[in-house]
Amino acid sequence: MIPNRFDHATAAEEIANKWYSNGCCDANVNPDKKPYTIVIPPPNVTGALHLGHGLNNTLQDILTRTKRMQGYEALWMPGTDHAGIATQAVVERRLKEQENLTRHDIGREALVERIWAWKDQYEQRIIGQLKRMGCSCDWRRLRFTLDPMCATAVRATFFDLFKKDLIYRGKRLVNWDTFLQTAVSNDEVENVTKKGHFYHFRYPVIDPKPGEPDHVEIATTRPETMLGDTAVAVHPDPAAALDKVESELKRKLAEAGEKERPELEKQIEVLAERRTAMLPQLERLRDMAADGRKLMLPLAEREIPLVADQWAKPELGSGCVKITPAHDPNDYEVGLRQSLPMINILNPDGTLNGTVPAYEGLTIPQARKQVVADLEARDLLGDVEDRDIEMPLSDRSKTAIEPYLADQWFVAMDQLAQSAMDAVTDDRVQIFPTRYRKGYLDWLGEKRDWPVSRQLWWGHRIPIWSATYESENKAREIATKAKSLGTNDLISATIQADEENATFHLFVCLREEESPLEAKVEALGLVRDEDVLDTWFSSALWPHSTLGWPEQTDELEYFYPTSSLSTSRDIITLWVARMVLMGLNNIHEIPFQEVFIHPTILDGNGERMSKSKGNGVDPIDVIDKFGPDALRFGLTRLTTETQDVRLPVQFECPHCEKLIDQTKKNRTSPTVPCPACSKVFSTQWAETEEDKAHAKAPVVSEKFEVSRNFVNKLWNASRFVLMNLEGYEAKPIDVASLPVEDRWLLSRLATVTDEVTRGIDEFKFAEVAGILYDFAWNEFCSFYVEIAKPRLADDALRGVTQNVIAHGLDTLLRLLHPIMPFVTESIWSYLGELAPSRGLKPTAAGEFVMLASWPECQREHYDQDIERQFAEFQEVIGAVRKIRASQSIAPKETVPVSVRCSDSSQALLEPMKAYFGSLAGAEVMSLGPAVQPFATDAPLAIPAMDIEVHVDLEKFIDVEAELTRLEKLLGQVVKQITGKESKLSNENFVSRAPADVVEKERASLNDLVSQRDSIEVDIKKLREKSS
RNA sequence: GGGCGAUUAGCUCAGUUGGUUAGAGCGCUACGUUGACAUCGUAGAGGUCACAGAUUCGAAUUCUGUAUCGCCCACCA
């Protein structure tokens, strides 16, 4: 006997093991089949997967499983990402917390070793999560962005770009994390608003001429940076700049609503005052700049020029701006434009260097204080205002970010970006939903060079060796020697002049890892670069590096380009765009044909899920509570085309298993008292031994309960089928001879198969899940199974019914399998025992539904008339149920029913009379056009179908209840009639709306009127009878 | 500041090209357990489709504006 619940806890692991041990997920080069390939977006090994990964990987598995069943050689390539800075930061933070050591204390090798240990641990955890979700990856091929295969690809790519002169060394202002001592990318910086001050300084003018100001006022929120100032800028044409601002304000004023007007008017007024007060002065300064006049930078006691540059905004502050090219991104741009020196005042650890010896060794806050005090002592300090300051913080170390000038390696993006834009504009790569194209194209359109070096120890080390020489000849000489060490497909060299220091840098790039050339290059006096590559560099190669490139492997030939990529929108630029351009550069072919951008899961408060907020959900917790199929089905139902989806989350009380809504308050507390059982449970924040002593509550979402119930429904419907397959004999099914309900089922199967197949191709996951849910529950279970009950009890009908129902269940299992692989696989094996051969033309079902063929949409089974007729049957059943409910007739009672209907409906309903019993507790007394009401009658009309259902209430009548029902019905009908009448009496509607719409309205009004009349008659009769 | 998106029942969401009475699940109410399933069944209540205009015979749906929320990008000496 099959248990009445699907025990996922024990079944799932067994099933997964069978898949894996039978190689069900493996894909091999197979010229007889078309390939279908997905590469997994490699999860970071920083930590465990959350529900966002759960969603993305569910979708990829649905695609992979569907295509596999459709006869493709389906490869889902698994792997993980080393995630450079994120992983190193996690391990460094632990090192600091647990052992109070920094990475410099233990050294590069030891740190990297520790990170590998971390990686091994989390990679295992991640793979465990994916496997429990049922992900049908080809696990034999598991890759890691730092493994030898990927490393080879990275080296080959870097070498190629280097040789093409697409890689260059340049200074660049980077976001410097003084704790980790590395540059971090923009997306790893978050801004926080803090209280600070806005300081006004005066810089003396050197030898002012008569009529010239003797000082220039500037302002800053970061006083210490003045030590690195190399100019003060003033706008080259302040009058024109002010005009432009003014006309912009006036334009806004013209368009503005009442609310903004006063504010804008005030701004224009202020601007006019400024013009009067300051324009002459600014123009004088501009002339002085043109004249090459200099200022004395206080404290540093250095002469700096006054320059004319449009970065200075005459409408702001004093109209003058200090320029610190080495410590501010905008000033850096000015510095480049104006050929200003760039003076770095910081050490890598964030203390001041010896540029201005008096401040050497001070931290930034100390230096800030000192600079302000020293300027005040010299009477050069003006006002100090309070102001909110946006402060950049490093995501990883939570310490302040300093803009810092450093040597970095860049990839020139001009050509590469263009190629990736073209691939999308000409639709070789399609992005779904299409609205995301714009962001991709806009970002690439900027063609900003890609800084690829990171001052980290965890990653692909940059394969460049360098040395600096004072003479170009010397550099050339060594370069020649270096090149002669190997062939030009293994070693490449380039010389870059450093004008500032009048030196020459020699850069040598080696293509192969651990090549004997390394030692030889080093013997020439060259030193290897300390930096590693941006983690996205190796990720960008993922679709081809995982297939063995640069080797021309069979896999690469067969599986590349891949088919679809599913990912989240925040990495469309960072990752997707770069995969496209690298694929085109390395293989001259796009990496994938379709990109699906899935929605982001937010919690019930509309916030992104994250571990640091406490609202993150581990898919494993959901699987433990609801099962893997429920997790997957729930996530699939969530995947609409919107950009965000909400999923309220709860704590599951470990004591009473109740789900407790998360609030912003409780989700960050170490312990929470359960409102249901009042026992205390702990959360991820528990740190003290005392807190940890309470059982920990997993974070889940009750939304998966619906899906769990659906799994149960499917399980039990299948159980019913299985219990009734005794004596099953596989026989061909003669469709033409089947009764209506069987042909209805076949027709519906054809439609559903078609809709599901198309939906998956179009990434309409929520829709597909909805279609299957509705069909399985409301049609297969609620109607077909109910109808099958009497037929299975009838020896004459049993055989054919068994054949049809087995076929129906078989098809349903196949269609559901990609979404709910475990329960379908389990049922499949039970079904295989009782009905090993099944179908319209019975064929042997294989051992695994996972490897079964996808159902064909059998269009010839679609029959509009049958579906319409069956809908009539469903309506009639519904009408009887409504009458029963309004009369509170006990379920055990059987009610006599008559149905007035057309001849054709009669022909349909006649053979289905037997099913009224199990579906509506009714016995059909008479059918057809001539049917009369019962003496004590409860009628219900179905006007759209021209059907009237009558229930004999002789034994049951509750006059009051019946009057209430009829009056309510009458009210509804009258309301509709009023609406229709007013619509039809509208001359405009009648004359302008299409004739068929008007005709439909008229017909519908007529129906309603006759319905009203008959209800009124019924009410009258009932009143007479009761009085 | 620029871009993208959302706003429909108490909650989470559907709603195709404008056209009968705007749907589903959860929750709620009432009734119901001798066999597929109480993780169930049947019925019911519940909506000024964010707001204001415009187009149209007709708008949840098209257009304009407003408000609120979210995300991405840029930026504020």
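Chain naming here is simple, since letters A, B, ... match the order of the sequence lines and numbering starts at 1 in each. Any value given below was found using the heavy atoms of this structure, including those in side chains, with hydrogens, waters and symmetry copies removed. A quick note: this is a predicted structure, and the numbers were derived from the prediction, not measured.
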From [atom1] of [X] over to [atom2] of [N], roughly how many Å is that when rounded to an integer?
{"X": "F704(A)", "N": "rU12(B)", "atom1": "CZ", "atom2": "P", "answer": "15 Å"}
{"X": "E1001(A)", "N": "rC57(B)", "atom1": "CD", "atom2": "P", "answer": "16 Å"}
{"X": "R884(A)", "N": "rC31(B)", "atom1": "CZ", "atom2": "P", "answer": "16 Å"}
{"X": "E446(A)", "N": "rG2(B)", "atom1": "CD", "atom2": "C1'", "answer": "11 Å"}
{"X": "N1006(A)", "N": "rU20(B)", "atom1": "CG", "atom2": "C1'", "answer": "14 Å"}
{"X": "R646(A)", "N": "rC13(B)", "atom1": "CZ", "atom2": "P", "answer": "7 Å"}
{"X": "L969(A)", "N": "rG44(B)", "atom1": "CG", "atom2": "C1'", "answer": "14 Å"}
{"X": "K1000(A)", "N": "rG58(B)", "atom1": "NZ", "atom2": "P", "answer": "19 Å"}

For nucleotides [N] and [M], find the distance between their [atom1] atoms and express it as a whole number of Å.
{"N": "rA22(B)", "M": "rU61(B)", "atom1": "C1'", "value": "11 Å"}
{"N": "rU56(B)", "M": "rC69(B)", "atom1": "C1'", "value": "32 Å"}
{"N": "rU12(B)", "M": "rC51(B)", "atom1": "C1'", "value": "24 Å"}
{"N": "rU7(B)", "M": "rA60(B)", "atom1": "C1'", "value": "12 Å"}
{"N": "rA45(B)", "M": "rG25(B)", "atom1": "P", "value": "15 Å"}
{"N": "rA52(B)", "M": "rU39(B)", "atom1": "P", "value": "45 Å"}
{"N": "rG19(B)", "M": "rU62(B)", "atom1": "C1'", "value": "15 Å"}
{"N": "rU8(B)", "M": "rG70(B)", "atom1": "P", "value": "15 Å"}

*If you count the non-hydrogen atoms of other residues, nucleotides and ligands that lie under 6.0 Å from CD in E446(A), is the total more than 12?*
yes

*asked:* Surrounding CD of E967(A) (heavy atoms of other residues, nucleotides or ligands, distance under 6.0 Å), is the total greater than 12?
replied: yes

Suppose we define a pair by two distances each less than 3.5 Å, Watson-Crick or G-U wobble; what does [N] pair with here?
{"N": "rC28(B)", "result": "rG44(B)"}
{"N": "rC4(B)", "result": "rG70(B)"}
{"N": "rU20(B)", "result": "none"}
{"N": "rU34(B)", "result": "none"}
{"N": "rU56(B)", "result": "none"}
{"N": "rC75(B)", "result": "none"}
{"N": "rC51(B)", "result": "rG65(B)"}
{"N": "rU39(B)", "result": "none"}

*Please lay out, stage by stage, how E962(A) and Q887(A) fare under the test side-chain hydrogen bond (donor to acceptor under 3.5 Å, both in side chains).*
CA-CA 7 Å; E962(A) 181 62 3; Q887(A) 288 288 315; 2.9 Å; yes

Minimum-distance pair of heavy atoms, taken over all atoms of [X] and [Y]:
{"X": "V645(A)", "Y": "L638(A)", "result": "CG1-O, 3.2 Å"}
{"X": "H598(A)", "Y": "G52(A)", "result": "CE1-O, 4.4 Å"}
{"X": "F989(A)", "Y": "V998(A)", "result": "O-CG2, 4.0 Å"}
{"X": "L813(A)", "Y": "T824(A)", "result": "O-CG2, 3.7 Å"}
{"X": "W715(A)", "Y": "P3(A)", "result": "NE1-O, 2.9 Å"}
{"X": "F783(A)", "Y": "N778(A)", "result": "CD1-O, 3.5 Å"}

*Sugar-phosphate means primed atoms, P, OP1 and OP2; the rest is base. With that split, encode nucleotides 37-43 of chain B 5' to 3' as B, S or - using protein heavy atoms under 4.0 Å.*
B-BSSSS

*asked:* I need a per-nucleotide contact map over nucleotides 3-10 of chain B, read 5' to 3'. Cutoff is protein heavy atoms under 4.0 Å; write B for the base, S for backbone only, - otherwise.
replied: SBB-----

Classify [X] by what it touches in the nucleic acid, base, sugar-phosphate, or nothing, heavy-atom distance under 4.0 Å.
{"X": "V721(A)", "value": "nothing"}
{"X": "P994(A)", "value": "base"}
{"X": "S1004(A)", "value": "base"}
{"X": "W715(A)", "value": "nothing"}
{"X": "K968(A)", "value": "sugar-phosphate"}

_Working note: E755(A) + R758(A), criterion salt bridge (Lys or Arg N to Asp or Glu O under 4.0 Å); need CA distance, chi angles, decisive distance, verdict._
CA-CA 5 Å; E755(A) 287 170 347; R758(A) 260 188 305 137; 5.6 Å; no

_As a quick check of understanding, evaluate side-chain contact (heavy atoms from CB on, under 4.5 Å) for I805(A) and L809(A), giving each step before the final call._
CA-CA 6 Å; I805(A) 204 166; L809(A) 179 60; 5.7 Å; no

*asked:* Check this one for me: any side-chain N or O of T573(A) less than 4.0 Å away from OP1 or OP2 of rC73(B)?
replied: no

*Residue met sooner reading RNA chain B from 5', once V321(A) and V706(A) are mapped to nucleotides*: V706(A)

_Closest-nucleotide ordering on RNA chain B, the 5'-leading residue of C320(A) and N778(A)_ = N778(A)

*Is any NZ, NE, NH1 or NH2 atom of the basic residue among D644(A) and R569(A) found under 4.0 Å from an Asp or Glu carboxylate oxygen of the other?*
yes

*Of all the nucleotides listed (rU20(B), rC26(B), rG19(B)), which has the minimum atom distance to the side chain of V997(A)?*
rG19(B)

